[in-house]
Asks: 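Sharing a structure with you now.
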Amino acid sequence: MKTTQKVRKILSHYESDNPGTKGNLARILMNGRLGGSGRLVILPVDQGFEHGPARSFAANPAAYDPHYHFDLAIEAGLSAYAAPLGMIEAGADTFAGQIPTILKVNSSNSLATLKDQAVTGTVNDALRLGCSAIGFTIYPGSDYAFEMMEEIREMSEEAKAAGLAVVVWSYPRGDGISKDGETAMDICAYAAHMAALLGAHIIKVKPPTAFLEQGEAKKVYEKEKVDIATMAARIRHVTEACFNGKRIVVFSGGASKSLDGLFDEIRGIRDGGGNGSIIGRNTFQRPREEALKMLDTIIKIYQGKE
């Protein structure tokens, strides 16, 4: 596998990592139609845990089959496929070596009320299944945030020693954060920075709004005249919060939305210097051909063709 100058530059920012971990990062960065560009589009399918099977797949019943998602990600030319243990196990042999996989090693569910996640996979599972990385969610602001951070610190140490990359979903939530605050500019940047400080190679956050949640932070944003007027400006600020762009940052697609709204958001991520998108429900809840057409447009946006 050859790497581009762009990918080598990105890998140079991870100064403490061994060749195995850098090799797995390179596999993700070099895979698919965006391979070598420094941009990523990843398919995550952990919504069965998060929302339940019908809420996740009834809109497109073919998506109940784990093979459907492997096939979709491969045909669309995506960078990687992320899913919990059972989903990866169900296609690990059939699709071995065809696309980098990320094992989501913790999960929540909508039957619970605690703002916490259970550890549902291990580093050994990821190695056994040939994954390139583990994925882990933290909830900054939750009463369980410190425990989650301690869990990923321990799992991250094990993963890196074994040559795996680490992806951290950083989703603020808790009694001290309003609903609007979960996607507020100051909170999103803070959550992304926490993931970087925890040693994540790839950081996943939600696209931020122009709302400012914290009073003390709002004073600083206004005093320093931090530009948060446009999506591109807000994305630029999040990447700045991740070691001045020295960490890979991708943004979630969120709940199903109109194509025009999604594409405008993608352009904002591109123009703000974000590394890409990790889009689940907006992909697999559409009929296959419609999803492939949508992903084709997203890739062309990141290529600068749309």
Side-chain angles (χ1 to χ4, degrees), residues 42-70 72-73 80-92 101-126 129 131 133-156 159 166-179 181-183 187 191 194-195 198 200 203-206 250-257 278-285:
I42 297 170
L43 175 66
V45 188
D46 57 344
Q47 289 79 5
F49 251 135
E50 302 291 327
H51 306 293
R55 287 175 61 190
S56 300
F57 308 125
N60 178 25
Y64 282 109
D65 186 344
H67 281 211
Y68 177 86
H69 304 286
F70 281 95
L72 184 64
Y81 167 55
L85 179 63
M87 296 284 279
I88 299 287
E89 284 185 331
T101 51
I102 300 165
L103 178 64
K104 186 67 166 55
V105 294
N106 72 337
S107 295
S108 182
N109 67 77
S110 61
L111 302 180
T113 57
L114 298 179
K115 294 178 176 65
D116 196 3
Q117 297 217 352
V119 174
T120 56
T122 67
V123 169
N124 281 338
D125 288 325
L129 295 168
C131 297
I134 62 166
F136 192 97
T137 296
I138 60 170
Y139 291 151
S142 164
D143 290 341
Y144 301 91
F146 294 129
E147 293 176 21
M148 299 174 90
M149 291 177 186
E150 289 168 0
E151 286 169 348
I152 186 52
R153 188 217 61 79
E154 185 175 341
M155 293 192 77
S156 180
V166 176
V167 185
V168 172
W169 279 241
S170 194
Y171 285 175
R173 59 191 61 181
D175 294 339
I177 301 175
S178 69
K179 190 63 180 176
E182 292 179 3
T183 53
I187 301 294
M194 285 186 192
L198 284 166
I203 296 160
K204 177 191 177 187
V205 290
K206 296 180 180 180
V250 295
F251 295 84
S252 66
S256 184
K257 62 188 69 156
I278 179 163
I279 303 179
R281 283 174 286 176
N282 275 293
T283 299
F284 62 73
Q285 289 184 345

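Note that the structure is predicted; figures quoted are calculated from it, not measured. What you see below is based on every heavy atom in this structure, not just the backbone, and it leaves out hydrogens, waters and symmetry mates.
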Asks: Under 3.5 Å, is there a donor-acceptor pair between the side chain of D116 and the main chain of Y144?
Replies: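 Absent.
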
Asks: Has H69 got a side-chain atom pairing as donor or acceptor with A82's backbone, closer than 3.5 angstrom?
Replies: no

Asks: State whether W169 and K104 meet the cation-pi test: NZ (Lys) or CZ (Arg) under 6.0 Å from the six-membered ring centroid, and within 45° of the perpendicular axis.
Replies: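 Positive - K104 is close enough to the ring of W169 and near enough to its axis.
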
Asks: Got a donor-acceptor contact below 3.5 angstrom from the S56 side chain to the Q47 backbone?
Replies: yes

Asks: Can a donor-acceptor pair be found, under 3.5 Å and without considering hydrogens, that links the side chain of S108 to the backbone of Q117?
Replies: no

Asks: Would you sort out whether F284 and F57 count as a ring pair (Phe, Tyr, Trp, His ring centres under 6.0 Å), showing the intermediate values?
Replies: CA-CA 8 Å; F284 62 73; F57 308 125; 5.4 Å; yes

Asks: Taking the six-membered ring of Y171 as reference, does the cationic atom of K206 (NZ for Lys, CZ for Arg) lie under 6.0 Å from its centre and within 45° of its axis?
Replies: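 Flagged: K206 positioned over aromatic ring of Y171.
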
Asks: Under the salt bridge (charged side-chain N to carboxylate O under 4.0 Å, His left out) test, which residues partner E151, sequence neighbours left out?
Replies: none

Asks: Holding to ring pair (Phe, Tyr, Trp, His ring centres under 6.0 Å), I want the full list of residues that pass it with H51, two or more places apart in sequence or in another chain.
Replies: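 Applying ring pair (Phe, Tyr, Trp, His ring centres under 6.0 Å) to H51 gives none.
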
Asks: The criterion is side-chain contact (heavy atoms from CB on, under 4.5 Å); which residues satisfy it with L198, sequence neighbours excluded?
Replies: I138, M149, I152

Asks: Taking N282 for the side chain and G253 for the main chain, is one N or O donor matched with an acceptor at less than 3.5 Å?
Replies: yes

Asks: Would you find a donor on one side and an acceptor on the other, under 3.5 Å apart, between the side chain of D46 and the backbone of F49?
Replies: no

Asks: CD1/I42 to CD1/I102 distance, rounded to the nearest 0.5 angstrom?
Replies: 4.5 Å

Asks: Counting distance only, does the side-chain N/O of Q285 pair as donor-acceptor with the main-chain N or O of A63 below 3.5 Å?
Replies: no

Asks: Quick check: closest heavy atoms across I88 and L129, and the distance to 0.1 Å?
Replies: CG2-CD1, 3.7 Å

